[in-house]
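Data first, discussion second: the structure below is written as structure tokens.
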Amino acid sequence: MKRVKEKKRKERTTRRLIQVGAIFEKHFEIQSEEEAEKIAKALQSYVGKNKDKILHHDVVVKEK
């Protein structure tokens, strides 16, 4: 039972990471892991300070 729960948890984690990465890649047209890392670091401070506003649509978000 414990092994089954652990396996399901790992699958959920892997699936989530793949989904988040795909979304990030799509919206930022990422070509490599290096680009993704640079963009993530550049956005880290802004998102950290404004996450609640972003998530609650207090910031205007434009779609392509």
Side-chain angles (χ1 to χ4, degrees):
M1 184 74 169
K2 186 176 179 181
R3 285 185 183 175
V4 172
K5 285 183 181 181
E6 180 71 15
K7 183 179 178 186
K8 285 184 179 184
R9 184 192 62 78
K10 285 182 181 181
E11 287 173 357
R12 283 193 309 269
T13 301
T14 301
R15 183 172 185 268
R16 180 184 54 82
L17 290 172
I18 291 168
Q19 289 175 325
V20 169
I23 291 166
F24 194 80
E25 184 178 54
K26 173 186 167 187
H27 289 284
F28 293 100
E29 299 177 2
I30 302 299
Q31 301 297 315
S32 67
E33 288 181 38
E34 183 179 283
E35 279 186 9
E37 187 69 33
K38 287 180 180 180
I39 290 170
K41 285 185 180 196
L43 292 172
Q44 184 178 23
S45 177
Y46 175 79
V47 172
K49 292 175 185 173
N50 297 288
K51 187 174 181 179
D52 288 335
K53 288 181 183 179
I54 294 167
L55 293 174
H56 293 98
H57 304 291
D58 293 332
V59 173
V60 175
V61 178
K62 295 181 182 180
E63 290 285 329
K64 278 188 168 181

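Given the structure is predicted, the values throughout are model-derived calculations rather than measurements. The residues of the chain are indexed from 1 along the displayed sequence.
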Could you walk me through whether K7 and V4 pass side-chain contact (heavy atoms from CB on, under 4.5 Å), step by step?
CA-CA 5 Å; K7 183 179 178 186; V4 172; 5.8 Å; no
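- Counting only residues at least two apart or in different chains, ring-ring contact (aromatic ring centres under 6.0 Å, His included) contacts with residues 2-21 are absent.
- Under the 4.0 Å criterion applied to side-chain N and carboxylate O atoms, K38 and E34 are assigned as salt-bridge partners.
- Annotation: the span from F24 atom CZ to E35 atom CD amounts to 10.0 Å, rounded to 0.5 Å.
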Can R16 and R12 be said to form a side-chain contact (heavy atoms from CB on, under 4.5 Å), step by step?
CA-CA 6 Å; R16 180 184 54 82; R12 283 193 309 269; over 6 Å; no
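- To the nearest 0.5 Å, atoms CD (E29) and CD1 (I39) are separated by 9.5 Å.
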May I have the step-by-step check of side-chain contact (heavy atoms from CB on, under 4.5 Å) for R9 and E6, ending in yes or no?
CA-CA 5 Å; R9 184 192 62 78; E6 180 71 15; 2.7 Å; yes
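- Taken from CD1 in I23 to CD in Q19, the straight-line distance is 6.5 Å, to the nearest 0.5 Å.
- How far CE of M1 is from NZ of K5: 4.5 Å, rounded to the nearest 0.5 Å.
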